[in-house]
Amino acid sequence: MTKSGTAQEAAASDAGPDLGKAYEPREVEERWYSFWEKEGVFDATDDPSDTRPCYVIPLPPPNVTGSLHMGHAMMATLEDVLIRFERMRGKNTLWQPGIDHAGIATQTVVERQLAREGITRHELGREAFSARVWKWKAESGGQIMRQMRVLGASPDWPRTKFTMDPDMSVAVTEAFVRLYEEGLIYRASRLINWCPECRTALSDLEVENEEGQSGELFQFAYKVDGSDEEIVVATTRPETMLGDTAVAVHPEDARYTHLHGKVLVHPFVDRKVPVITDAILVDPKFGTGAVKVTPAHDFNDFATGKRHQLAKINIFNLDGTLNAEAGPFAGLDRARARAAVKKALGEKELARGVKPHMLTLPRCQRSGGVVEPMISTQWFCRMKDMAEVASSAVKNGRTKIIPEEWEKTYDHFLDNIQDWCISRQLWWGHQIPAWHGPNGEIRVARTRPADCGDGWAQDPDVLDTWFSSALWPFSTLGWPRETSALAKFYPASDLETGYDILFFWVARMMMFGIHFMKDVPFRRVLLHGMVVDETGDKMSKVKGNVIDPLDLVYGAKPDAIAEHASPGMDVRQALTKFKKSYPSIAADIEKGVGFPAYGTDAVRFTLATYPPSNKRIALAPKRIEGYRHFANKIWNASRLCLSHLESFDRTELTGRAPAVKGFFNRWIVAQLGKSIAIANAGLLAFRIDEAANEAYRFFWNEWCDWYLEITKPILRTPATPEAAETRLTMAHVLETSLRLLHPLMPFITEELWQRAPRPSSRKSSIAFGPFPSAMDGIDDDDAIREMDVFKAVVGAARSIRSEHEVDPKADVPLSFRSDSDAAHALLAAHLPAIASLTRGKGLTIDKTGSMREPGTMVNVVPTPHGPIEILVGLKGLVTKDKELLRIDREIKRIDKDLGALEKKMASKGFLERAPKEVIDESRALREQLTSARARLEESKKLAYEL
RNA sequence: GGGCGGGUAGCUCAGCGGUAGAGCGCUGGCCUUACAAGCCGGAUGUCGCAGGUUCAAACCCUGUCCCGCCCACCA
C-alpha cells in the first residue's frame with residue numbers, strides 16, 4: 001500500500017483483501033460500480049458556469065421489452081470506452097440514457113399476456129389496456145438498464161428518459177403540431193403497407209423483403225366479352241384477380257393489337273375488365289406480355305390505375321381475409337383464397353399452366369407476417385426537403401459519418417426517400433394530437449381544442465415509435481423548453497450505433513434535428529457492425545446461436561447456454577445447434593465446461609478489438625479467453641510492481657514523466673509515450689481497436705516481457721540509486737498504463753490503481769483521469785532503436801540455446817563480434833542485463849572473431865550498427881541432442897503402448913487382432929531404436945568434444 | 001436490377017505500396033519466488049482466381065468466381 005494520503009488509504013482498504021495469485025473478475029467487479037456512482041463519476045452538469053468542454057453521446061434507447069444481447073454489449077462497450085476516455089480527458093461528459101416504448105413489440109408482449117388470462121385488449125378497453133402496459137413496464141421493463149451496469153457502462157442514470165414519459169410526449173406533440181402547421185404532415189388515402197397480423201400500417205422501412213423464395217407464376221385466361229377470344233395473364237398472386245380492374249398490354253406488342261379497347265369478362269364477379277395499353281407497366285418479354293391490374297393491392301398497379309383512372313377495389317379485410325368484394329370467396333384468408341381461385345379457374349377451364357418463379361416476399365419486421373398493400377387513410381410526413389438538408393449536412397461535413405463508406409448508403413436513402421407513413425393502428429404509443437369532428441373536420445392541436453366538444457373524437461391512431469426516437473437528441477434535454485441542458489448538450493458530439501438503424505433512426509434524427517433545432521443533432525455518426533456467430537450467421541433464437549453476454553461475464557454451464565440460445569428447447573438438441581455455430585468451443589461444451597467466467601473487462605476488451613469497418617463481427621469465445629489471460633497478466637504484473645513499491649514515496653510522482661537517466665528506464669518511458677500517442681489517436685478517430693491493440697502490446701510485450709524482466713536483478717539490491725530510479729519509473733509506468741487501459745477495462749484498472757502509488761493531484765477514482773497524454777511519456781527514439789538491437793541480440797542468443805537443447809539451468813559462455821564501436825558500447829553497457837536474460841556467463845565483446853572454438857554456434861543479427869555476431873560456446877554443455885531426444889520420445893511412446901497392451905493381455909475379454917504379434921513388433925522396434933540411440937550418442941559425444 | 005463489404009496461417013481477425021502479423025490452436029523446452037490464465041524457442045500461408053500499373057503489390061487498376069448485407073413497385 002502507499003505510504004501517505006488518508007483518502008488513498010481509505011480507498012485502498014475499500015479495495016478488499018490482499019491480491020491473490022489469480023485474477024478473480026467477479027470478486028473485483030462487484031466492488032466498484034456502486035463506488036463510481038457514489039463518487040459521482042457518471043454525472044454530467046448542465047450548470048452554465050461550468051466551463052469544461054462537453055462530450056455528449058445519446059445512448060440508443062433499447063426497447064423496453066428487450067433484454068441484453070451481444071449487440072447491446074457491443075454498443076455499451078464502444079460508447080462507454082468513448083465516454084470514459086473523454087471524461088478522463090477532462091470533458092463534461094453526458095451519456096444520455098433512455099428506454100424506447102417500442103410500440104408494436106410492447107403491445108404484442110402485453111396482449112400475449114392477456115391472452116393467457118383469456119381476454120383481449122378490446123374487452124379491456126383502451127385506457128385499461130394502457131394501464132396494463134404501464135404496470136408491465138414498471139415490473140419487467142427496461143431490464144437492459146440493469147444489465148448494462150454489469151458491463152460497467154457509465155451513463156448519467158438519473159437523467160434516464162422513457163419515450164412515453166410526460167415530457168417526452170409533450171415534445172412529440174409539439175413536433176407533430178409544428179410539422180402539421182408547416183404543411184409537412186398531412187393525411188391522405190394511399191396504398192400503404194399493411195400487416196394483417198399486427199393490424200396496422202407500416203412504414204416502408206418496417207417491411208423486410210425476403211428474397212429468393214421459390215414460388216410459381218400462375219397463368220390464366222380472361223375471355224373477351226361476347227367472343228371466344230381470350231387473353232392470358234401471368235401472376236404470382238392469383239387471389240388478387242378478384243380485385244382486377246384492367247388487363248394491360250404493351251402498346252406496341254403486335255400479339256395483342258387486335259384486343260386494344262376490348263372488354264373482358266371477370267369469371268367470378270360481376271365486372272367488366274378493359275384491356276388497356278401501358279408501356280410503363282408492361283414488359284412484353286415477361287410472362288405472357290399481358291398483366292392483370294389490381295390497383296388496390298399492388299404498388300405498380302396502383303400507379304397504373306392512377307394513369308388510367310381505373311377503379312380501386314379493395315378485396316381484403318384488415319385481418320387479411322377476403323371481404324364481400326370477393327364474392328364467392330369472401331371470408332377466406334389469402335392462402336386459402338389462392339388455392340380456391342386456382343381451383344375455380346381450373347373448373348371454368350381458364351387455367352393456363354404454372355411456371356416455377358423466384359419471388360420476393362414482403363414481411364412485417366415485427367410479426368413476420370406477409371405484408372399486404374392496402375388503400376388506407378393515414379398520416380404522412382413529407383420527407384423530401386428535410387432529406388435534402390440532412391444529406392447536404394453530411395456532404396458539407398457538418399456531420400461526419402465514420403466509417404466513411406456509409407455516407408453513400410445514407411445519401412442513397414435520402415435521395416430516394418418516400419413520404420413516411422407515421423400513423424399506426426395501435427394503442428400503445430403517442431396518440432395523434434388530432435380531433436375529428438362530426439362532419440369530417442380535422443383539428444390538430446397541442447391539447448384538445450375547447451370548441452371540439454360533443455361529437456368530436458381524438459384520432460385513435462398512435463405514432464410510429466421512430467417518430468419519438470427521431471426527436472431523442474433534443475427531447476431528452478427538455479425541448480421544447482429552452483433548458484440549460486439543451487443549451488449545453490445540443491448538438492451531441494457522437495452518435496454511436498449499429499448500422500442497422502442508420503435509416504430508421506440516424507437519418508431521421510438528422511432530419512428532425514436540423515428542422516427543429518436549426519443545427520445537426522451530432523457532429524459525428526459512428527457505426528459499428530452486427531455481432532454474429534462464429535460461422536458468420538446472424539444470432540437468432542431460431543438458429544439457436546444466441547449468446548447471452550452475461551453468460552460470458554459470469555460463466556455458464558452448457559445447460560444455461562442452451563437455455564439462452566434456444567429457450568424452451570431440449571437441451572441436447574439446443575447444444576447440437578449451438579456447437580455447429582461455435583465450432584471452436586464445441587469440445588468445451590461436450591466436456592460440460594461451457595463458458596468460464598471471462599469477466600466484464602475481458603468481454604469488453606474483446607468487443608473493442610474489432611475494427612468498426614467490420615460489418616460482421618463473428619464472435620469467437622476463444623478470443624475472449626485470450627483477453628481474460630490478459631486481465632490476469634495485468635493483475636500479476638501489478639502485483640509484482642506493488643511488491644517492489646511497498647515503501648515507495650509517492651511524493652516522488654509529479655504527474656509527469658520522470659526525468660530518468662538509466663537506459664532501460666528511458667526506453668520504457670519513451671515506449672510508453674509512443675503507445676499513448678497511438679492510443680489517443682485511435683480513440684479520437686473511432687479506431688478503438690487500434691488503441692486496444694496498442695495498449696495490449698505495450699503492456700504485455702514491452703512492459704512485462706522486457707522491462708519487468710530486465711529490472712528484476714536491479715531491484716534485488718534495492719538500496720542502489722539505480723534501483724531507486726527503477727522504482728520511480730516503475731511507479732510511473734504502472735499508474736499510467738492502468739489509466740491507459742481504464743476506458744477499456746474499467747474494473748481491474750480501478751482495483752489496481754487504488755492500490756498503486758500515484759501523484760497527490762489524482763482524484764478519488766481512476767475514472768476521473770487524466771487520460772495519459774504526451775506529458776506521461778518522453779521522446780527518445782534513440783532509446784527505442786538501441787533497445788531493438790538489445791532485444792535482437794538477446795533473442796539470437798536464446799535461440800541458439802533453445803535450438804541446441806542446452807540444459808536450461810546451465811550458464812553458457814557468450815561473446816559478441818562486431819566491427820561497430822557503437823555496437824560495442826551498447827553491448828558493453830548492458831552485459832549484465834544480457835547475461836540475466838540469457839544465462840550467459842563470461843560475456844566478452846570481441847572484434848576479431850578469435851573467440852570461435854569447436855562447439856561454438858553463431859547467430860547473426862542485422863542492426864543499424866551493422867551485423868552483430870552472437871557466439872555461444874556449447875562445448876560440454878549439450879547434454880541432449882535433438883535426434884537423441886526424438887528417439888527417446890519414441891521409445892517412451894512404445895513403452896507406454898506396450899504397457900497398455902500387456903495390461904490388456906492380462907485382462908480377459910481382449911478380442912482384438914493378434915496381440916502377441918503386435919507386441920513382438922513393438923519390442924523389435926524398441927530394440928532397434930535403443931541400439932541406434934547408443935550409436936548416435938557415441939558419435940555426438942565425439943563431435944562436441946573435438 | 002443497383003449499392004456496400006468481405007475472401008490473408010487449422011479457426012477468429014489485423015495489415016491496404018516496400019523483407020507476410022496477432023490471439024486461439026499446433027509444437028520443443030522450462031513448475032526460473034508476478035503470472036503454467038505463465039516463460040523461452042519453433043513450425044505454419046502460390047494473401048480467392050486471371051491479367052495490368054510499378055524498381056517493388058496482400059495492398060493500386062481491370063476482369064472474374066464465391067460469400068454476406070442493404071436498397072428497389074417488374075406481373
Side-chain angles (χ1 to χ4, degrees), chain A residues 19 21-23 191 204-205 208-209 217-219 233-237 240 248 280-283 286-294 298-304 357 359-360 362 373 403 405-406 408-409 411-413 416 499-500 502-503 529-530 532 534-538 583-585 596 602 606 609-611 613-644 689-690 693 696-697 701 704-705 708-709 712 794-795 798-803 805-809 836-839 862 880 882 885-886 889:
Chain A
L19 300 173
K21 195 167 162 178
Y23 174 55
L191 199 59
D204 298 346
L205 289 179
E208 285 177 345
N209 290 309
L217 203 55
F218 179 80
Q219 304 192 343
V233 296
T235 179
T236 54
R237 301 195 54 197
T240 61
I280 298 172
L281 179 71
V282 184
D283 171 3
F286 189 88
T288 62
V291 186
K292 61 188 275 308
V293 183
T294 321
D298 183 283
F299 285 92
N300 281 317
D301 294 2
F302 182 79
T304 308
H357 184 246
L359 47 90
T360 303
E405 66 214 37
W406 287 106
K408 254 190 183 169
T409 309
D411 261 355
H412 183 261
F413 170 69
N416 297 286
Y499 68 78
D500 54 331
L502 178 60
F503 305 151
M530 299 292 113
V532 296
E534 216 175 292
T535 66
D537 281 345
K538 212 169 177 174
S584 77
I585 50 162
T606 308
T609 55
Y610 290 94
S613 53
N614 263 205
K615 283 194 170 183
R616 287 153 64 208
I617 293 154
L619 189 74
K622 279 287 171 193
R623 190 159 159 165
I624 310 174
E625 196 164 312
Y627 293 117
R628 170 168 145 262
H629 295 172
F630 180 48
N632 192 240
K633 192 72 178 176
I634 296 171
W635 184 256
N636 279 296
S638 303
R639 279 175 64 215
L640 171 66
C641 294
L642 293 178
S643 76
H644 288 303
D689 58 311
E690 288 182 348
N693 287 333
Y696 178 99
R697 203 195 61 76
N701 302 126
C704 292
D705 289 352
L708 295 184
E709 293 303 327
K712 273 177 185 170
V794 169
R798 281 171 167 173
S799 186
I800 291 174
R801 285 195 71 123
S802 185
E803 283 289 279
E805 310 281 359
V806 177
D807 178 352
K809 293 200 171 57
S836 88
L837 295 176
T838 60
R839 277 185 179 277
K880 301 171 191 168
K882 262 195 151 176
L885 278 167
R886 205 171 301 134
R889 269 195 297 281

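Residue numbers start from 1 in every chain, and the chains themselves are labelled A, B, ... in the order their sequence lines are given, proteins ahead of strands.
- Proximity of S799(A) to the phosphate of C40(B): no side-chain N or O atom is located under 4.0 Å from OP1 or OP2.
- Rounded to whole Å, the separation between the P atoms of A37(B) and G25(B) comes to 11 Å.
- In the interface, the side chain of Q219(A) is not paired with the base of A75(B) through any donor and acceptor atom under 3.5 Å apart.
- Only the C1' atoms considered, G23(B) is 36 Å distant from G63(B), to the nearest whole Å.
- Residue contacts shown for V293(A) are absent, as no nucleic acid heavy atom lies under 4.0 Å away.
- Applying the 3.5 Å distance criterion, the base of C4(B) shares no donor-acceptor pair with the side chain of K408(A).
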Contact list (N/O, under 3.5 angstrom) for nucleotides 65-68 of chain B vs protein:
{"unit_1": "G68(B)", "atom_1": "O2'", "unit_2": "R616(A)", "atom_2": "NE", "d": "3.4"}

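- Here E208(A) pairs with Q365(A) under the side-chain contact (heavy atoms from CB on, under 4.5 Å) rule; sequence neighbours left out.
- A donor-acceptor pair under 3.5 Å is absent between the side-chain atoms of S802(A) and the main chain of R798(A), judged by distance alone.
- C13(B) and G68(B) are spaced 14 Å apart, taking the P atom of each and rounding to whole Å.
- Using a 4.0 Å cut-off, some side-chain N or O of K21(A) falls inside it from OP1 or OP2 of A36(B).
- By the 30° and 60° cut-offs, the orientation of the rings of Y627(A) relative to Y696(A) is perpendicular.
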Check nucleotides 16-24 of chain B for protein N or O atoms closer than 3.5 Å to its own N or O atoms and list the pairs.
none

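- Rounded to an integer number of Å, the gap from CG of L502(A) to C1' of C69(B) is 13 Å.
- Between E690(A) atom CD and C13(B) atom C1' there is a gap of 14 Å when expressed in whole angstrom units.
- Atom CG of N209(A) is separated from atom C1' of C71(B) by 9 Å (rounded to the nearest Å).
- With Y610(A) as the aromatic partner, R616(A) does not meet the cation-pi criteria of under 6.0 angstrom to the ring centre and within 45 degrees of the ring axis.
- The side chain of K809(A) places an N or O atom within less than 4.0 Å of a non-bridging phosphate oxygen (OP1 or OP2) of C31(B).
- What separates NE2 of H412(A) from C1' of C4(B) is a distance of 11 Å, to the nearest Å.
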